[in-house]
Each structure stands twice: as C-alpha cells, then as structure tokens.
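Only a predicted model underlies this, so the values are computations on that prediction, with no experimental measurement involved. Here is the naming used below: chain letters follow the sequence lines, and residue numbers restart at 1 for every chain.
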Amino acid sequence: MSTYLIETKELTKFFGKRNVLYHLNLEVPRGAVYGFLGPNGAGKTTTIKTLTGALKPTYGEIRIFGMEMPRERVEIMRRVGYMPEVPLAYEDMTIFEFLVYMGRLKGLPREEAARQVRELMAYTGVGKLAFNRIKELSSGQRQRVTFAMALLGNPELLILDEPTSNLDPLGRMEFIGKVLELARAGKTIFISSHIVSEIERICNYVGLIKDGQLIEQGRVRDLVNVEGTDYDVLVSDNEKLLAFLKDKVYVREAWEEEGTLRVKLDERFAERFFVELPQFLAREQLALKLFKPHTSPLERILMKRFNVGWTE
Amino acid sequence: MTGDAGTGWRTLIRRFREAPFWVMLEVELGRLLRSRKLKVLLLITFFPDIVYLLSPNASGSGVSAMLKSFQYLMLDLLPNYWLGIIGQLITIILMSDLLASEIDRGTVRLLLAKPVKLGEVVAAKFLAGLGALAVLFGVPYLVIWLYNPVVYSTGLDGLKNGLSNFLLVFGATLLVLALLGALTMFISVVISRPLYTALASFGLVFLLQYLLPQVPYIKNPEHYTLGYQTVVLLKSGFDKVDLSTFSGSPTHSVLFLLTAIATFLLLTWGWLRKREFPE
C-alpha cells in the first residue's frame, strides 16, 4: 500500500491545445498538511478540480486512498471534504438547509447531519446566521459556510482551494488556528494558496507549481536550505553598527528602517559577514536584540525557484 | 415474525430516505415548489380554470352529461393550451434550469465532490422537475374535476365517476411532458446555460412539431404534435366523445413515449459522465 494519501503520476491536462498541467507527480503523505503554492494561473485550481473529479486527466493517473480517480470517485468522496475556491452554494437556501443537504449527500442521516451542522456553524462562526439565505451573505461568510461544508462527515482528507481568499485578516488568523487544530487531530490537509505566510504557518509539506509543472516538492524543513541575502538586525547601538558595515565588501546596502537595520548582502562574500558581525558585537559590547532573515524561508524558496527578486 | 418484518421494512424505508437519490429529489422538489417561478407558472396553467369557474355553462345534468362535458373541455384545452405552445414552454422553462443551472453556476462541482452517482443526479433532478410539473398541471385539472360535480349537481357520484377521467388526463399529461422534460434535460447538459437551453429546446420542439411536418410528402403532419399524441392517449378512456378521427393506438403511444424518455435520460447521463466542469 502506498504511503501517500494523494498520489498523481504524470498527471497531464490539456484544454484544447493548451497544456495546463504537465507531468505532475504529487505525493501527499498521510497526515501531512500539504501546501500547494504557486502564482495565479499556475494550475492549482485545475489540479484540485482534477483531484475532485470535476475535470478528467488528459493522461496520467490519480490515486487517492489508493483508489483511482475518477473511476472510483464515489468511494473516494465518502472520505474527502472539499472546499472550492469560489464559495459555491445554492443561493435560495438558508445556511442551515444548505449544510444539512450537503451533509445528507455525504451519507449522514438527517438528524446526525443537523447535529453536525449546528456544531460546525458555531465552529466556523456562522452560527448566528443559520437561517439567513446564502444570497444574503458576504463573500467571507460564504467562505466560512463552505469550510463548514468541507468538515461535514468528519472526512479523513480535506482539500481546500484558496480557503482564505475572501476572509479578512482576523478571519485568516482564525482559519489558520482551525487548520492547525485539524492537523493535530490527524487529518491530511491539501491546501492551495498563493499566500506564502499562510502556507508557512500551516504546512509541513509543500509543493510548488509554476506554469502547470511541479517544480519542487517535499518537507518544508528539508527544502528550507536556501540562504537569504536580506537581514533585519537590531542591536543596542544601531548607528555604531551601521558605521561599521559601511564600505564592507560583503554589504551591498545597509540602512535603518523604523528602528531596525536592513542589511543586503553580496551573496559571494556573505560568509564573512557572519564571521565579522559577532566579533564586532563582542568587541564593542553591543547587545544583539534581533537578527532574522528579512524574507521567510518559503518566500526565499519561491523567489529562487520562480526567479523573483534575485536580479537587480 | 411480524415485528421483524416491520423492523425490516422500516430499516429499508429509512435507508431509501437516506440515499442520495431521495435526498436530492426531496430537496430539489422543495426548492422548486417554494420558488417564485413556480407560482408565476401556476398562474398561467390555472388561467383556463378561472374562465371555467366563472362561466361553466352546464349542458344538461347528471353524471353522463358531466363526463361528456369534462371530456370535451379537456379535448379543447389539452392540445390547444395545457399541452399546446404554452404548456410546452412552461415545461421547457422549468426543466431547462434543473441541470443547466448547476453546471452554469458551478454547483455541480459540489455534487461531484460528494459520494453521489451521476445517474442519481439525473434521476433525482428529472423526477423533481416532473413533480413540479405534476403540481403545475395537476392543480388545474383537480379543480375542474372537483368543480364539475357542483355544476352538474352530481355530488359524490359524479366525483367518483369523474376520477378515472381525471387520472387519465393527468397521466397522459405527465407522460407527454416527461418526454419534453427529458429532451430538455439532455439539451441542457450539452448547452449548459439555462436560457440557451430553453431557446434551443423550444426551437427544436417547434421545428419538429410545426415546421418539419410541412415538408411535402409527410402524411398527416398533425400526427407529430404532442397535442395529437395526447388525444391518442385519451382514447383509452374517453368514451363520451368520438375520437375515431384520431388514428393511432394508445398502447403504441405509451411505449413510444416511455422509450423516448428513457433514451433521453440515458443520453443525459452518458453526456454528463463524459463531460467536464472547468468553470
């Protein structure tokens, strides 16, 4: 039995003559929170639509729970919760009616569906809107409803397509907390997004897609070995440090920004910076209060793999 | 033993009511019956009743006169109104929306992401549409059936004797409209847009019934209209009027209609299985 819950082999998709997915070999381990990252139009939603049976592969193979998609779609979907990118729902129904309907289609008896819906509405923050019609909801509220829908029936695998695109910052934070909770509960979560910070906080696995091709995949901690060249530094005397860094061969640019020093290094001599900085701080008896890469590790991977921001 | 059998039946019924097919049928029919569209369409189908209720013009008295009057009335209204252009348009408007709107709005992806077979989707949507049509056309027929004994002072006897005629008209209507509905559903999965489906279906139905038969060498072009075929179906129970000028056997018509309905539903299912839903 494969260790991967979702596995695609050479998954390729054409729309007419246009190739949207190209030999995609996804490997999502059981229990992983897998972030599917890529710019707009990279093929994230097409991949998810193929995983959920809305699109058929032109060629290649999809296996979910070891079963073949789309041939065994009905069996697979008993164990999957799907949250679409656009919060789709039946406009004329109330939230409660809609979710009970979706729960019953998932195979839950009516009473059990109603019980789960009440719980999930409270969990996703739409409990007070239970009898509002879907058409009366804001896009953020709709997104919460579709999140509740995805959780109905306690699925083993969650496929979430851009789940926070319509949420406000607070809603996003709340959502991230809930996904972490679900991950701790042992669910496998496949989440697509183009918001790096979000993926970084939630995911332990990541797949990077660009122009329909998977260009990187694996554990986040294994991938994050790309050195940064841009650092935020805060010491007890910033001016002294700034003066020291001036004219150093490894410093391309250094300036103070809102009380923190931003240091841009020349990649070729960066190592000397890491040797000389601690020596200088010790010599001058300066306290190091903050030292961190200006960009996050995932951002650095993205920048490197997508050739963004590496050339002047 | 009886208790076990009772429990078995109850379990079977409970399982059936929890099956996706039944859930979809129940919810879809509920949504259709609550919709504003259905209320407007009901006003249209009920219109002949209003005229009839205001001026029933009883000709004679007694059960026989009542039945004769009912049959004449239905022979006038069915081909010319309820199953004429207006009735057909109503059916197309209602049925074109069922699957096409799911595809058009993308909600079909929600159904695909559930453990639901496409055959169940097609069957549930079709039967829900047919249920709504049963209300739209059944209510006006029912009112006439209930009102006639009052006009002809036949009381319960009239009600009892008129029941078979009422059921025949109702059944024939549903059978004919089911054919139109199945055809529309097939067109709707091909075209995917409710408005274009309605236009294409109406264009096709109009072409088949009224334009093609005008081609020279087609004998008895009126035979190809749904109204005519309905009257052929009514021949099996309308005994107070002379329908000998309507050639054709009701049994053959029923078989033809059932085969055509099944064919269109299978084509709908096959097309749905084959197609994708990128939007």
Chemist: Taking atom CZ of A:Phe15 as the centre, does the number of heavy atoms from other residues, nucleotides or ligands within less than 6.0 Å exceed 12?
Modeler: yes
Chemist: How close do B:Pro115 and A:Val74 get, counting heavy atoms only, and between which atoms?
Modeler: CB-O, 3.4 Å
Chemist: Below 4.5 Å, heavy-atom pairs only: which of B:Glu18, B:Arg105, B:Arg31, B:Arg275 has the largest tally toward chain A?
Modeler: B:Arg31
Chemist: Relative to chain A, which segment of B:Arg273 carries a heavy atom at a distance below 4.5 Å: side chain, backbone, both, or neither?
Modeler: backbone
Chemist: Do other residues, nucleotides or ligands put more than 12 heavy atoms under 6.0 Å from B:Lys117 NZ?
Modeler: no
Chemist: Within residues 92-113 of chain A, which residues come under 4.5 Å of chain B, heavy atom to heavy atom?
Modeler: A:Asp92, A:Met93, A:Glu97, A:Phe98, A:Tyr101, A:Met102, A:Arg104, A:Leu105, A:Lys106, A:Pro109, A:Arg110
Chemist: Might you point out which heavy atoms bring A:Met149 and B:Leu110 nearest each other, and give the distance in Å?
Modeler: CE-CD2, 3.5 Å
Chemist: Measuring heavy-atom distances to chain A, does B:Glu26 have an atom under 4.5 Å in its side chain, in its backbone, in both, or in neither?
Modeler: side chain
Chemist: If contact means a heavy atom pair closer than 4.5 Å, which residues of residues 131-142 of chain B contact chain A?
Modeler: none
Chemist: Counting only heavy atoms from other residues, nucleotides and ligands, does the tally under 6.0 Å from NZ of A:Lys128 exceed 12?
Modeler: no
Chemist: How close do B:Lys274 and A:Lys56 get, counting heavy atoms only, and between which atoms?
Modeler: O-NZ, 3.9 Å
Chemist: With side-chain hydrogen bond (donor to acceptor under 3.5 Å, both in side chains) as the test, would you mind laying out the steps for A:Tyr90 and B:Glu102 before giving the verdict?
Modeler: CA-CA 9 Å; A:Tyr90 298 101; B:Glu102 294 267 7; 2.8 Å; yes
Chemist: Do you know which of B:Pro278, B:Pro20, B:Gly106 has the most heavy-atom pairs under 4.5 Å to chain A?
Modeler: B:Pro278
Chemist: Nearest 0.5 angstrom please: B:Leu118 CG to A:Arg73 CZ, how far?
Modeler: 5.0 Å
Chemist: Quick one: does B:Arg109's side chain get under 4.5 Å of A:Pro84's, heavy atoms only?
Modeler: yes
Chemist: Count the heavy atoms belonging to other residues, nucleotides or ligands that lie under 6.0 Å from OH of A:Tyr123, then report whether that count exceeds 12.
Modeler: yes
Chemist: Taking CZ in B:Phe47 as the centre, count heavy atoms belonging to other residues, nucleotides or ligands within less than 6.0 Å. Is the count above 12?
Modeler: no
Chemist: Measuring heavy-atom distances to chain A, does B:Val27 have an atom under 4.5 Å in its side chain, in its backbone, in both, or in neither?
Modeler: side chain
Chemist: Given heavy-atom pairs under 4.5 angstrom as the criterion, report whether the side chain, backbone, both or neither of A:Arg78 touches chain B.
Modeler: both
Chemist: Is it the side chain or the backbone of B:Arg34 that comes within 4.5 Å of chain A heavy atoms, both, or neither?
Modeler: side chain
Chemist: So, for B:Glu276 and A:Lys13, which heavy atoms are closest and what is the spacing to 0.1 Å?
Modeler: OE2-NZ, 2.5 Å
Chemist: Just checking A:Lys178: does its NZ atom have more than 12 heavy atoms from other residues, nucleotides or ligands closer to it than 6.0 angstrom?
Modeler: yes
